[in-house]
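What's counted below: heavy atoms across the whole structure, side chains too, no hydrogens, waters or symmetry copies. To find a chain, count down the sequence lines: A is the first, B the second, and so on, and within it residues start at 1. Values in this document were obtained by computation on a predicted structure and should not be read as measured data.
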Protein chains: 2
Amino acid sequence: MIKNIDKYCKDNNIKLTPVRLKVLELLQNEKCGLGAYRILDLLRDAGFNSQPPVAYRALDFLVEHGFVHKIESQNSFVACTDPGAHHSPVFMICKKCDSVSEAPASATASDLSEALMATGFKVEQTIIEAEGVCSTCADT
Amino acid sequence: MIKNIDKYCKDNNIKLTPVRLKVLELLQNEKCGLGAYRILDLLRDAGFNSQPPVAYRALDFLVEHGFVHKIESQNSFVACTDPGAHHSPVFMICKKCDSVSEAPASATASDLSEALMATGFKVEQTIIEAEGVCSTCADT
DNA sequence: ACTGTAATGTTATATTATATCATGAGGTTT
DNA sequence: AAACCTCATGATATAATATAACATTACAGT
Ligand SMILES: [Zn+2]
Ligand SMILES: [Zn+2]
Ligand SMILES: [Zn+2]
Ligand SMILES: [Zn+2]
């Protein structure tokens with residue numbers, strides 16, 4: 001998946017610097033959202049400078065370029081499962097195991113845009129987070 | 001609208017105390033989301049005790065009973081436009097004027113639930129926030 | 001070497017939210 | 001009425017999340 005991202009960076013003339021790459025890797029290794037200060041701790045463990053702006057800048061960059069998404073209801077961050085592609089993600093947040101999965105449900109966002117268009121509102125971006133129980137947890 | 005709420009409170013044996021009512025009224029008088037500390041200031045202006053827990057407790061109560069919704073992407077709160085009814089709201093947040101409107105689009109949430117069900121995820125609650133430009137702002 | 005831009009370092013502070021324990025106001029039971 | 005229970009509020013402190021501001025460095029283009 002880093003391959004896609006490398007290509008995207010070259011094409012768009014942006015740089016995945018060491019700290020940005022490290023944050024991305026940390027998020028890709030997790031199935032739960034990580035808070036900025038958790039990320040900061042992990043960065044410190046990995047030998048990076050550990051002041052808050054370091055983490056927030058890396059996260060801002062990653063979110064801006066679509067490599068990472070912010071989970072608003074948790075103030076946490078997750079790696080995108082389809083980076084580079086322009087999409088309106090839907091997140092499934094499990095109340096039992098805290099896992100966050102990005103659903104491939106792209107239809108929803110356009111349905112939503114259309115429904116809201118009828119009210120005169122022009123949608124530019126949607127935040128869709130579903131809380132519930134994931135299939136793994138449902139089995140137990 | 002307070003009528004519905006009064007009835008709901010009686011039916012459910014819960015109390016809309018002065019501070020809770022005041023917070024609700026403050027939110028009903030606004031078309032934008034208000035942050036907890038903004039509410040705290042307004043409470044102080046109205047002669048109430050102004051420590052953070054006062055506002056958060058009132059907000060927790062109001063959200064818990066569906067009289068108020070939290071806008072996760074803003075850490076702000078808005079009064080519900082259909083309190084008492086069990087619903088999955090969709091919010092339209094204008095980037096220009098900051099107004100927050102609750103859309104009557106109830107279909108979206110059930111569509112979403114069904115789409116996610118296919119992945120094995122059982123939706124209990126959805127957070128849907130659409131950012132864009134409201135009809136008023138579009139005209140200008 | 002000079003210059004412009006993006007990135008990082010560093011310190012301080014702003015904003016949002018909760019933990020904890022004490023006090024009070026109303027009902028219910030005895 | 002007194003004792004008791006429950007819910008709500010008062011009050012202090014602190015945790016968790018996020019940004020402002022300014023200094024320094026890296027590095028590409030001239
Ligand atoms: Zn994504
Ligand atoms: Zn789970
Ligand atoms: Zn509502
Ligand atoms: Zn507007």
Side-chain angles (χ1 to χ4, degrees), chain A residues 5 8-24 26-27 32-44 46-65 67-78 93 98 100 127 129, chain B residues 5 8-24 26-27 32-44 46-65 67-78 93 98 100 127 129:
Chain A
I5 290 176
Y8 179 96
C9 287
K10 271 178 195 119
D11 291 351
N12 292 83
N13 199 31
I14 57 175
K15 276 177 290 191
L16 202 58
T17 59
V19 66
R20 292 169 177 173
L21 176 59
K22 188 68 197 176
V23 171
L24 180 57
L26 289 169
L27 291 173
C32 302
L34 292 180
Y37 281 74
R38 186 78 236 286
I39 289 168
L40 208 46
D41 283 345
L42 297 171
L43 279 178
R44 189 190 305 132
F48 287 82
N49 177 328
S50 66
Q51 302 312 309
V54 172
Y56 282 102
R57 284 166 181 160
L59 288 166
D60 284 350
F61 171 90
L62 294 168
V63 168
E64 181 183 351
H65 293 97
F67 304 154
V68 161
H69 299 293
K70 179 169 187 182
I71 305 302
E72 297 287 353
S73 61
Q74 299 189 329
N75 296 318
S76 74
F77 300 84
V78 296
I93 303 165
D98 280 332
V100 176
I127 294 160
E129 299 176 8
Chain B
I5 290 175
Y8 179 95
C9 286
K10 270 178 195 118
D11 290 352
N12 293 84
N13 199 31
I14 57 176
K15 274 178 290 190
L16 201 59
T17 59
V19 66
R20 291 169 177 174
L21 175 59
K22 188 70 197 175
V23 171
L24 180 58
L26 289 169
L27 291 173
C32 303
L34 292 180
Y37 281 76
R38 185 79 236 284
I39 290 168
L40 208 45
D41 284 345
L42 297 171
L43 279 178
R44 188 189 308 131
F48 286 83
N49 176 330
S50 66
Q51 301 312 307
V54 171
Y56 281 103
R57 284 167 182 159
L59 288 167
D60 285 350
F61 172 90
L62 294 169
V63 168
E64 181 183 352
H65 292 98
F67 304 153
V68 161
H69 299 293
K70 179 170 186 182
I71 305 302
E72 297 287 352
S73 60
Q74 300 189 329
N75 296 317
S76 73
F77 299 85
V78 295
I93 303 165
D98 281 334
V100 177
I127 294 160
E129 299 175 9

*asked:* Heavy atoms from C-beta onward define the side chain here; which of dT12(D), dT19(D), dT8(C) lies closest to that of Pro52(A)?
replied: dT19(D)

*In whole angstroms, how far is the C1' atom of dA6(C) from the CG atom of Leu16(A)?*
15 Å

_Rounded distance in Å - CG (Asn49(B)) to P (dA8(D))_ = 16 Å

_Position toward the 5' end of DNA chain C (nearest nucleotide), Gln74(B) or Arg57(B)_ = Gln74(B)

*Check whether any side-chain N or O of Glu72(B) sits under 3.5 Å from a backbone N or O of Ile127(B) as a donor-acceptor pair, and report yes or no.*
no

*asked:* Just N and O in the side chain of Arg20(B): are any of them under 4.0 Å from OP1 or OP2 of dA8(D)?
replied: yes

_Spacing between Asp60(A) atom CG and dT8(C) atom P, to the nearest angstrom_ = 12 Å

*Which listed nucleotide (dT9(D), dT18(C), dT19(D)) is nearest to the side chain of Pro53(A)?*
dT19(D)

*asked:* If I take atom CG in residue Leu21(B) and atom P in nucleotide dT9(D), what distance separates them, rounded to the nearest angstrom?
replied: 12 Å

*Where the side chain of Phe77(B) is defined as all heavy atoms beyond and including C-beta, which of dA17(C), dT11(C), dT9(D) is the nearest nucleotide?*
dA17(C)

*Taking atom C1' of dC7(D) as reference, at what distance in whole Å does atom CG of Asn13(B) sit?*
11 Å

_Heavy-atom pair with the smallest gap, counting every atom of Lys70(A) and Glu129(A)_ = O-OE2, 4.1 Å

_Minimum heavy-atom distance Ala55(A)-Leu40(A), with the two atoms named_ = CB-CD1, 3.6 Å

*Can you check the Tyr56(A) OH to dT8(C) C1' distance for me, whole Å?*
18 Å

*Interatomic distance, Ile71(A) CD1 vs dA16(D) P [rounded to whole Å]*: 21 Å

_Output the rounded distance in Å from NZ (Lys15(A)) to C1' (dA26(D))._
8 Å

*asked:* Using 0.5 Å steps for rounding, measure from the CG atom of Leu62(A) to the CZ atom of Phe77(A).
replied: 9.5 Å

_Minimum-distance nucleotide to Val19(B) side chain [options: dT9(D), dA17(C), dT8(C)]_ = dT9(D)

*Please state whether the phosphate of dA17(C), meaning OP1 or OP2, lies under 4.0 angstrom from any side-chain nitrogen or oxygen of Lys70(B).*
yes

*Taking the side chain of Asn75(A) as its heavy atoms from C-beta onward, which of dG10(D), dA17(C), dA18(D) lies nearest to it?*
dA18(D)

*Can you tell me how far the SG atom of Cys9(A) sits from the NE2 atom of His65(A), to the nearest 0.5 Å?*
7.5 Å

*For the student: nearest non-hydrogen atoms of Ala46(A) and Lys22(A), plus distance*: CB-CE, 3.6 Å

*Mind listing the residues from residues 37-44 of chain B sitting with a heavy atom below 4.0 Å of DNA chain D? Number order is fine.*
none

*Locate the shortest heavy-atom distance separating Leu24(B) from Phe67(B); write the atom from each residue and the value.*
CD1-O, 3.9 Å

